[in-house]
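A quick write-up on the structure given underneath.
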2 protein chains.
Amino acid sequence: MILDSETKAVELPEDHGNELRLWLRLLTCTTLIEGEVRSRLREGFDVTLPRFDLMAQLDKVPEGMTLSDVSKRMMVSNGNVTGLVERLVESGHLDRRTSDTDRRVQVIRLTKAGRAEFRKMATEHESWIADLFADLGPKDVRELMRLLAKTKASAQKSAQKRAGIA
Amino acid sequence: MILDSETKAVELPEDHGNELRLWLRLLTCTTLIEGEVRSRLREGFDVTLPRFDLMAQLDKVPEGMTLSDVSKRMMVSNGNVTGLVERLVESGHLDRRTSDTDRRVQVIRLTKAGRAEFRKMATEHESWIADLFADLGPKDVRELMRLLAKTKASAQKSAQKRAGIA
DNA sequence: CCCAGTTGCTTTAAGGTTCAAACAATTGGC
DNA sequence: GCCAATTGTTTGAACCTTAAAGCAACTGGG
């Protein structure tokens, strides 16, 4: 903070260039890897990334989840999930039923076929990721994990702060 | 590599869980920050992130760029850029003209109004980013930059390798 | 019981995104 | 100069995405 001649706080344009460069690099990495995964999924299994992601969420919870749960976990809008689920039910990957205790709630699960299909994809997917990160040693991986955890916490805090204001 | 009793190479399912977890964390960070930037841009300036990104590319090059250049820099498809530019020309932010030397080529630039609008947004944008990364010290930032550079190189190498095969 | 508020999901409108196919213009080999 | 290959852009179909509005069902205080 800098004080001017009348001792009032003055906002000088501070230099945040490093953070900006960091953000752009983070974004580039993610875009690069995501694009690669996207096209390998398409070529190998003729499936889109959002479909794969949704199935990945469901694979972790055999008893199924509600649409809202999925929406929160995937960090996408409710309406988005509705459409995605629609197409996956259509293609036989998902099973969808109305909850017994709350008729608003839709519970979705992988079908047997859906689960089998997903497992096949997941195995390859994991090896693609390993390959994409191949040049990072175990120490690099650990250190990145640590720093990204810190980044996530920082961003959440900032988002939270703003949510309080707005 | 593990060799079985008949001395043939055997593929065992290796554990790539750490890389996978790293990727998911990277993705979470990016999604979180990107979503935050997206909604601040919307609320503050009623502009979408892709429009902002496109204008950011053009701001760096006053003499303008071709659509292909933009497409490569933004890592999005050509068709995508066509539509984006269309809307930004429509709204008066961009100027578009056919190249004198190659009539296939469209050169786009920020208009005066577009540039002014962008500069306003960019200033705030930079401070949002700084705030989102606020809990990272200078050392963290440097270290993350280093590790992400390594990650980018690794991913590019892997993508390159695959492009050669396919 | 009732109704106001909340919650879960769907719909709509607008835009973003991709891939593949089509088109237009340029370039290079001959 | 011609024609094949390449390059730059646009178009079309399908899908993804969001925000906002709307509908349906549940909940709790009175």
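A note on names: the letters A, B, ... follow the listed sequences, proteins ahead of strands, and every chain is numbered from 1.
The stretch residues 91-100 of chain B touches DNA chain D through B/Arg96, each having a heavy atom within less than 4.0 Å of the strand. Of the residues in residues 57-79 of chain B, B/Thr66, B/Leu67, B/Ser68, B/Asn78, B/Gly79 come within less than 4.0 Å of DNA chain D through at least one heavy atom, sorted by number.
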Name the atoms and distances for all side-chain donor-acceptor pairs under 3.5 Å in residues 72-89 of chain B, with sequence neighbours left out.
| residue | atom | partner | partner atom | Å |
| --- | --- | --- | --- | --- |
| B/Ser77 | OG | B/Asn80 | N | 3.3 |
| B/Asn78 | OD1 | B/Ser71 | OG | 3.0 |
| B/Thr82 | OG1 | B/Asn78 | O | 3.4 |

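Nearest-nucleotide positions on DNA chain D for A/Arg104 and A/Gly83 put A/Gly83 closer to the 5' end. Looking at which nucleotide of DNA chain C each of B/Arg103 and A/Val105 is closest to, the 5′-most match is held by A/Val105.
Side chain of A/Arg97 to main chain of A/Val107: no donor-acceptor pair is present (N/O by atom type, distance under 3.5 Å, no hydrogens or angles). In terms of modelled atom types and a separation under 3.5 Å, the side chain of B/Thr111 and the main chain of B/Gly92 share a donor-acceptor contact.
Residues satisfying the ring-ring contact (aromatic ring centres under 6.0 Å, His included) criterion with A/Phe52, sequence neighbours excluded, are A/Phe118, A/His125.
For DNA chain D, the span of nucleotides reached by chain B at under 4.0 Å from its heavy atoms goes, 5' to 3', from D/dT7 to D/dA19. A 4.0 Å heavy-atom criterion places the boundary nucleotides of DNA chain C facing chain A at C/dT7 to C/dC19, written 5' to 3'.
In this model, no donor atom of one side chain and acceptor atom of the other lie less than 3.5 Å apart for A/Ser68 and A/Thr66.
With respect to the salt-bridge test (charged N to carboxylate O, under 4.0 angstrom), the residues A/Arg162 and B/Glu43 qualify.
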